[in-house]
Amino acid sequence: MATMPSVGTRSRRKEGPEKLTGIAKYIDDFRFPHVLHAVTVRATVPRGRIKHIYFEPSFDWTGVVVATADDVPGENTVLLIERDQPVLARDEVRHVEEPVLVLGHPERARAYDAAKHVRIDYDPLEPVLDPGRSSTVFKGFEIHKGDLEAGFAEADAIVEEEYQVPHQEQAYIETNGVAAWEESDGTLVVLGSMQCPYYVHKALLPIFPRDPGKIRVIQAATGGGFGGKEEYPNIIAAHAALLAIKAKRPVKLVYDRHEDMRATTKRHPTRIRHRTGVKRDGTLVAQDIDVLMDGGAYVTLSPVVLSRGILHASGPYECPNVRIRGRVVATNTPPNGAFRGFGAPQTLFAAELHMEKIAKVLEIDSVALRRKNLFRLGSTTATGQVLRESVGAMQTLDRALERSRYSRRKKAAARWNRIRKNPTWRGVGLATVFHGAGFTGSGEVFLKSRAGVRLTPRGEIVVDAASTEIGQGTTSMLAQIVADALEVPYEWIRVETPDTNRVPNSGPTVASRTCMIVGGLLMRSADKIKERLVADGVRWPLTRGALRGRNLSFTEEFEKPGEIEWDEETYRGDAYGAYGYATLVAEVEVDKLTFEVTIRDVVTAQDVGRAINPLLVEGQILGGTVQGIGYALLENVVFENGGMANAQFTNYVIPTTLDAPPIRVEIVEEPYSRGPFGAKGVGELPMDVPAPAIVAAIHDATGLFLTALPALPERIEEAFQNDRAPRQR
């Protein structure tokens with residue numbers, strides 16, 4: 001009897017039973033003999049020189065182990081893109097919460113108490129807290145297409161606006177945490193909550209010089225990441241390992257929520273200026289876009305966040321003449337880093353709202369404006385990339401409009417708003433976005449990711465990849481791909497724990513790349529195993545007995561498709577192998593008295609190439625949509641003196657299940673030939689589209705054009721009071 005296909009089915013999650021029954025072990029579930037509990041002592045000024053570190057003699061320091069910059073055996077630097085961030089500050093601090101020392105004690109409460117008795121004296125220096133006043137540019141990019149001035153000369157109208165988006169906290173359910181210890185053979189082991197074990201491995205090598213095989217990084221069960229655990233575990237792993245080596249005993253370092261929110265990276269605040277030339281019929285003829293991102297005190301991942309931001313800044317629209325300039329600058333605030341979408345949600349918010357403004361200036365329907373300019377097969381992007389396949393922008397627009405009954409709802413909202421006694425205004429808005437799957441340009445070539453499949457003598461089929469399960473369903477999805485490639489039941493596939501001593505480096509679990517890139521490598525590996533079995537005379541359907549006694553393994557390395565060309569210097573060519581597309585329609589209600597926004601309904605259609613597991617795809621879309629709703633309406637990081645002042649969930653508000661509106665999902669499948677079974681990516685795409693659609697709906701309801709997030713009630717009220725012709729209450 002033939003095996004039923006797994007791809008395209010709602011297969012049960014591989015790790016689901018362990019999580020549901022409580023068997024899954026997160027980092028704080030692990031117990032170690034003679035463990036020290038570590039605490040980080042941090043800077044309290046945004047910028048200054050360290051004069052003296054003072055340990056109060058009134059405190060009993062018995063049993064406390066302290067590590068400072070002087071204890072770092074190698075380079076005092078956290079290696080990522082640049083080497084600018086110290087493991088522990090020695091002479092100068094550049095932001096509030098910068099780590100100065102790490103201490104540990106067998107009792108966790110005692111360690112926290114000890115930290116309160118450390119005093120650091122500073123010579124304060126003038127901080128730069130406004131990115132607009134920063135003179136330190138971490139990275140800059142420019143994209144040019146066509147003749148910008150000729151395009152503006154051809155335009156019938158020029159529409160200009162500036163948009164601003166804020167920090168956003170990842171708010172993963174499990175805070176950052178690691179454990180570290182040194183084995184008797186000198187192997188340094190780090191176990192923790194993380195997205196990218198090989199990033200941690202690479203970062204530890206300069207700090208603790210030794211043979212690469214003597215550093216081992218293992219992922220524990222991880223309660224969410226959203227980019228916040230992409231590179232930050234590098235520094236927390238270094239702190240735990242430093243103390244473990246000095247103390248000669250295991251160390252566990254787990255942040256509480258307040259510390260995690262104040263100290264770790266967030267989404268980059270961004271200012272985006274648009275100047276767009278259009279014809280009377282809505283045809284785009286020129287786009288001039290300027291992007292300024294706040295990188296915080298150190299580079300971290302800012303260059304690649306900026307890169308993706310500018311590559312998406314023009315939106316999913318074809319325009320013959322484009323200039324996009326972007327730069328990310330330093331401020332004396334905690335460094336910013338990766339967050340789901342990786343720069344695209346910031347610039348796409350501006351791109352989509354600007355389409356609404358253009359429609360208003362031209363007095364045409366914004367849907368018609370989008371239809372006229374949307375990408376389709378043969379379109380050329382701002383980098384000159386010709387879209388040869390898998391372009392589902394128009395399909396997502398059509399499906400979302402149809403499923404939401406967009407026209408009918410718009411008319412109903414208009415009728416509602418004409419009745420003055422109604423206590424609310426109602427409005428309907430939409431947005432359409434695109435998102436590149438995988439690393440930008442030559443990024444995947446640089447990574448040279450490797451992943452493989454092996455058969456063990458016991459008859460096991462094992463997936464070997466460093467891609468991590470952080471709640472999104474990676475292990476299940478990869479197992480489904482391998483199962484169908486080998487034509488065996490899904491239940492036969494085991495996915496190895498991401499462990500740098502046991503799996504090859506398949507690259508980071510980021511950038512909507514896992515399914516398309518790593519899944520593709522595994523599919524090729526499985527195909528080679530199948531070829532070998534066929535050559536050995538094995539027949540299908542396979543039996544367990546036919547696999548026992550075999551010791552067979554194939555590992556594949558990423559190879560650039562021949563048709564993809566990218567110039568890193570000019571930022572011209574094929575920025576991504578393929579793009580996902582999404583449209584979201586939101587209906588909102590705005591209270592006339594309190595200006596609170598209630599989302600009445602959401603419909604979203606998203607093109608993912610092929611849904612390997614529709615249940616997981618829907619989960620990603622639902623989760624990303626709710627996260628985008630928080631970005632649009634609720635999440636407001638308040639900074640005081642360079643630090644987050646509202647670092648707790650009592651006043652940094654994120655949406656709960658009770659805040660989630662009805663969300664209807666339409667999965668669109670426009671297959672990509674280079675993806676496994678046609679799949680692209682879905683992890684980040686859902687984050688891009690809710691905020692501009694919701695703010696467009698607020699505009700439809702109130703007539704107010706908001707240009708900054710979040711759309712808090714007080715901001716809507718302020719706009720209402722300042723508007724020259726506000727709607728009647």
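Numbers here simply count residues along the sequence, with the first being 1. Values below: every heavy atom of this structure, side chains too, minus hydrogens, waters and symmetry copies.
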Straight-line distance of Asp607 CG to Met394 CE, nearest 0.5 Å: 13.0 Å
Under the side-chain contact (heavy atoms from CB on, under 4.5 Å) test, residues paired with Lys14 that sit two or more places apart: Thr475, Ser476, Ala479, Tyr490, Ile493
Lys19, NZ atom: more than 12 neighbouring heavy atoms under 6.0 Å: yes
Neighbour count >12 (heavy atoms, 6.0 Å) for atom CZ, Arg12: no
Salt bridge flag under 4.0 Å for residues Arg13 and Glu18: no
CD1-CZ distance between Ile694 and Phe349, expressed to the nearest 0.5 angstrom: 10.0 Å
Under 3.5 Å: donor-acceptor pair, side chain of Thr468, backbone of Thr509: no
Distance, nearest 0.5 Å, that separates CD of Glu352 from OG1 of Thr347: 10.5 Å
Asn234 side chain vs Val78 backbone, donor-acceptor pair below 3.5 Å: no
Basic-acidic side-chain contact under 4.0 Å: Asp294, Arg271: no
Distance in Å, Leu353 CG paired with Thr707 OG1, rounded so as to fall on 0.5 Å steps: 8.5 Å
Donor on one side chain, acceptor on other, Tyr298 and Glu98, under 3.5 Å: yes
Under 3.5 Å: donor-acceptor pair, side chain of Ser449, backbone of Ser506: yes
Over 12 foreign heavy atoms within 6.0 Å of CZ, Arg610: yes
Residue pairs involving residues 302-311 (criterion side chain to side chain donor-acceptor pair (under 3.5 Å); sequence neighbours excluded): His268-Ser302, Ser307-Tyr571, Arg308-His435
Taking only distance into account, with no hydrogens and no angle test, what donor-acceptor pairs under 3.5 Å do side-chain atoms of residues 578-586 form with protein atoms, sequence neighbours excluded?
unit_1 : atom_1 : unit_2 : atom_2 : d
Tyr579 : OH     : Gln385 : OE1    : 2.8
Thr583 : OG1    : Thr396 : OG1    : 2.9
Thr583 : OG1    : Leu397 : N      : 3.3
Thr583 : OG1    : Thr432 : OG1    : 2.9

Backbone of Thr474 reached by a side-chain donor or acceptor of Glu469 within 3.5 Å: yes
Between OG1 on residue Thr300 and CD on residue Glu82, distance to nearest 0.5 Å: 10.5 Å
Rounded distance (nearest 0.5 Å) linking atom CD of Gln219 with atom OG1 of Thr497: 8.0 Å
Salt bridge (charged side-chain N to carboxylate O under 4.0 Å, His left out) contacts in which one or both residues fall within residues 217-236, not counting sequence neighbours: Glu174-Lys229
Single hit among Asp290, Val291, Leu292, Ile289 for side-chain contact (heavy atoms from CB on, under 4.5 Å) with Arg273: Asp290
Quiz item: cation-pi between Arg340 and Tyr631, 6.0 Å / 45°: no
Flag, side chain of Asn646 to backbone of Asn651, donor-acceptor distance under 3.5 Å: yes
With sequence neighbours excluded, residues passing side chain to side chain donor-acceptor pair (under 3.5 Å) with Asp29: none
Phe446 atom CZ, over 12 foreign heavy atoms within 6.0 Å: no
Verdict with reasoning, His354 to Tyr163, per side-chain hydrogen bond (donor to acceptor under 3.5 Å, both in side chains): CA-CA 9 Å; His354 202 59; Tyr163 304 88; 2.8 Å; yes
Polar side chain donor-acceptor pair, Tyr576 to Thr440, under 3.5 angstrom: yes
Salt bridge present between Glu169 and Arg262 (N-O < 4.0 angstrom): no
Heavy-atom side-chain contact between Leu191 and Lys25 under 4.5 Å: no
Those residues that, when tested against Arg674, pass side-chain contact (heavy atoms from CB on, under 4.5 Å) (two or more places apart): Pro561, Glu563, Tyr672
